[in-house]
Amino acid sequence: MMIWTGCLLAQERRGIEVTGYLNEMFSGFTEDLTKSWYWQNTLHNRLTLGWQPGEYWRIDAGVRNRLFCGDFLDIPSYAKRLEDDQGFLDLSWNVVDKEKALLNMTFDRLFFTFEKGKWCLKLGRQRINWGQTFVWNANDLFNSYSFFDFDYIERPGCDAFRGTYYHDETSFSEVVVSLDASDQVTAAFLHHGVVKDFDFQVMTGIQAENDFVIGGAMTGAWGGVNLRWEFAYHQPMKSFGKSTGIIEASLGVDYLFSNDLMLQGEVMYNNKESMFSLKNLVGILMNPSSVDMMTAMNDWNVAMMAYYPPTDRLSLSVSGMYMSGLGTCFVGLIMDYSLWNNLDLSVISQYFTTVGDKLPIDASAWLGFVRLKYSF
């Protein structure tokens, strides 16, 4: 059972808090291990700032500064995609855009919080995560993200007003109104509660002024196995009652063994038509952190993951995915090693390949990453 702590402002906090990290990551990509590789180096600095000027007020900001160098900059529209901001406010800039160097600065958090009694109000760019499963989140109307993007643990934010009322320690209700770069409004209501040690939520709203959405989720444990389930039904507003809507549903399970080995599995189904197009195949494979591949998935999809820490300093994970609508498979490997206090080394490998005849061509992509991360 989840004990909800809300967004309570710590009364002892005063002054400006500054945290963050500095990443140095070397990346490689090839379509065939026997052919040429494309390389890129990314220097990534993140700063998170928080200031509580009074008892009930708080201001938070988060900024990503990323310097890219290498072959990936030759990909058409690569710089433009990095600069595109999906929020109402344009808070992403390519400060330097040269042939061999690109420096991007993006604010993915910038919001004000007012909290008093059982009310918590937030305004600005913030993370709103209604999803309960790990890979596919049917309830996440505001902040879509990609499972493949291992280097963005904070996930994107959206420009929104969020009002939350806490009924007690385990239940709350909230209303969110968000505006995107196309001036389209997404507005939704969610209620979260607990029934017999199972957390549940129900939600309804309008997404991007196009779809009426209703959905819900439930999480809990049974026999030592953690269960997560969520679903959503989308009905286009223009054809309300005249066409079949879209159903999205995902079910996830995970189990932690006594030796700290964790196994996870998740399956997702939706009946939408794939938004995947052949012309952007190369772009998606060259940029697997893009949410394009995730939103293109339809039909049945399944993912399996395993995590194991052989030592206190070393952790290993392997993941696999089959996407039936795309006729594509994915395999990922991650090794994290703690070199020193706040200093970590990671080695990551990702492989994508088409299977069957869903697509008119055969394609594959190998990606490798070596990352050194210092947190402060």
Side-chain angles (χ1 to χ4, degrees), residues 1-20 46-63 86-89 91 107-133 137-145 153-180 185-195 197-207 213-220 228 230 232:
M1 180 178 66
M2 179 180 70
I3 303 299
W4 185 261
T5 58
C7 58
L8 300 178
L9 300 179
Q11 300 301 319
E12 70 274 9
R13 293 180 178 177
R14 290 294 183 268
I16 298 179
E17 306 164 4
V18 180
T19 59
R46 181 177 182 86
L47 292 175
T48 301
L49 300 95
W51 179 41
Q52 187 175 330
E55 183 178 0
Y56 306 115
W57 292 92
R58 182 177 173 86
I59 301 174
D60 288 274
V63 59
Q86 301 302 310
F88 175 70
L89 300 176
L91 300 179
F107 279 89
D108 60 2
R109 303 290 189 274
L110 186 61
F111 62 92
F112 303 87
T113 300
F114 174 79
E115 183 191 20
K116 188 174 183 180
K118 295 186 177 183
W119 285 97
C120 180
L121 308 178
K122 292 185 177 183
L123 178 64
R125 179 157 298 181
Q126 56 190 288
R127 174 74 179 152
I128 301 174
N129 179 24
W130 285 0
Q132 299 297 315
T133 50
N137 301 126
N139 284 190
D140 198 352
L141 303 182
F142 300 96
N143 295 127
S144 60
Y145 70 93
I153 58 174
E154 298 82 14
R155 307 304 188 191
C158 65
D159 297 331
F161 166 78
R162 182 180 193 178
T164 307
Y165 179 79
Y166 297 97
H167 304 281
D168 52 44
E169 291 183 341
T170 60
S171 65
F172 66 93
S173 301
E174 66 182 19
V175 174
V176 177
V177 180
S178 176
L179 194 61
D180 64 19
V185 175
T186 296
F189 167 83
L190 178 141
H191 176 74
H192 178 99
V194 176
V195 174
D197 294 334
F198 273 79
D199 290 49
F200 76 92
Q201 66 186 37
V202 291
M203 64 95 178
T204 185
I206 304 296
Q207 187 173 33
V213 185
I214 186 170
M218 183 169 289
T219 62
R228 296 174 175 83
E230 63 181 279

Inset, instruction - For the pair Arg109 and Asp60, find out whether any cationic side-chain nitrogen is under 4.0 Å from an anionic carboxylate oxygen. - result: no
Inset, instruction - Considering non-hydrogen atoms only, spot the tightest contact between Asn143 and Ile128 and give its length. - result: OD1-N, 2.6 Å
Inset, instruction - Look at the side chain of Glu230 and the backbone N and O of Asn139, then say whether any donor-acceptor pair between them is shorter than 3.5 Å. - result: yes
Legend entry - Smallest separation among heavy atoms of Gly163 and Phe161, with atom names: N-CE2, 3.9 Å
Legend entry - Arg125 versus Leu89, closest heavy-atom pair with distance: NH2-O, 2.7 Å
Legend entry - For Phe172 against His191, the heavy-atom pair lying closest together: O-ND1, 3.3 Å
Legend entry - Side-chain donor/acceptor of Asp159 to backbone N/O of Phe88, under 3.5 Å: yes
Inset, instruction - Look only at the side chain of Arg58 and the backbone of Gly50, and say whether a donor-acceptor pair between them is shorter than 3.5 Å. - result: no
Inset, instruction - State which residues pass ring pair (Phe, Tyr, Trp, His ring centres under 6.0 Å) with Tyr165; sequence neighbours excluded, sorted by chain then number. - result: Trp119, His167
Inset, instruction - Return the minimal non-hydrogen interatomic distance between Met218 and Phe200, and the atom names on each side. - result: CE-CB, 4.0 Å
Legend entry - Side-chain donor/acceptor of Glu115 to backbone N/O of Tyr56, under 3.5 Å: no
Legend entry - Test: Asp140 and Arg155 ion pair at under 4.0 Å: no
Legend entry - Thr204 (side chain) donor-acceptor with Val213 (main chain) under 3.5 angstrom: yes
Legend entry - Phe112: partners by side-chain contact (heavy atoms from CB on, under 4.5 Å), with sequence neighbours left out: Ile59
Legend entry - Spatial distance of atom CD (Glu17) from atom OG1 (Thr19) [nearest 0.5 Å]: 8.0 Å
Inset, instruction - Kindly indicate whether a cation-pi arrangement holds for Lys118 with Tyr166, taking the cut-offs as under 6.0 Å to the six-membered ring centre and within 45° of the axis. - result: no
Legend entry - CD-OG distance between Gln86 and Ser144, expressed to the nearest 0.5 angstrom: 8.0 Å
Legend entry - Lys/Arg N to Asp/Glu carboxylate O, Glu174 vs Arg162, below 4.0 Å: yes
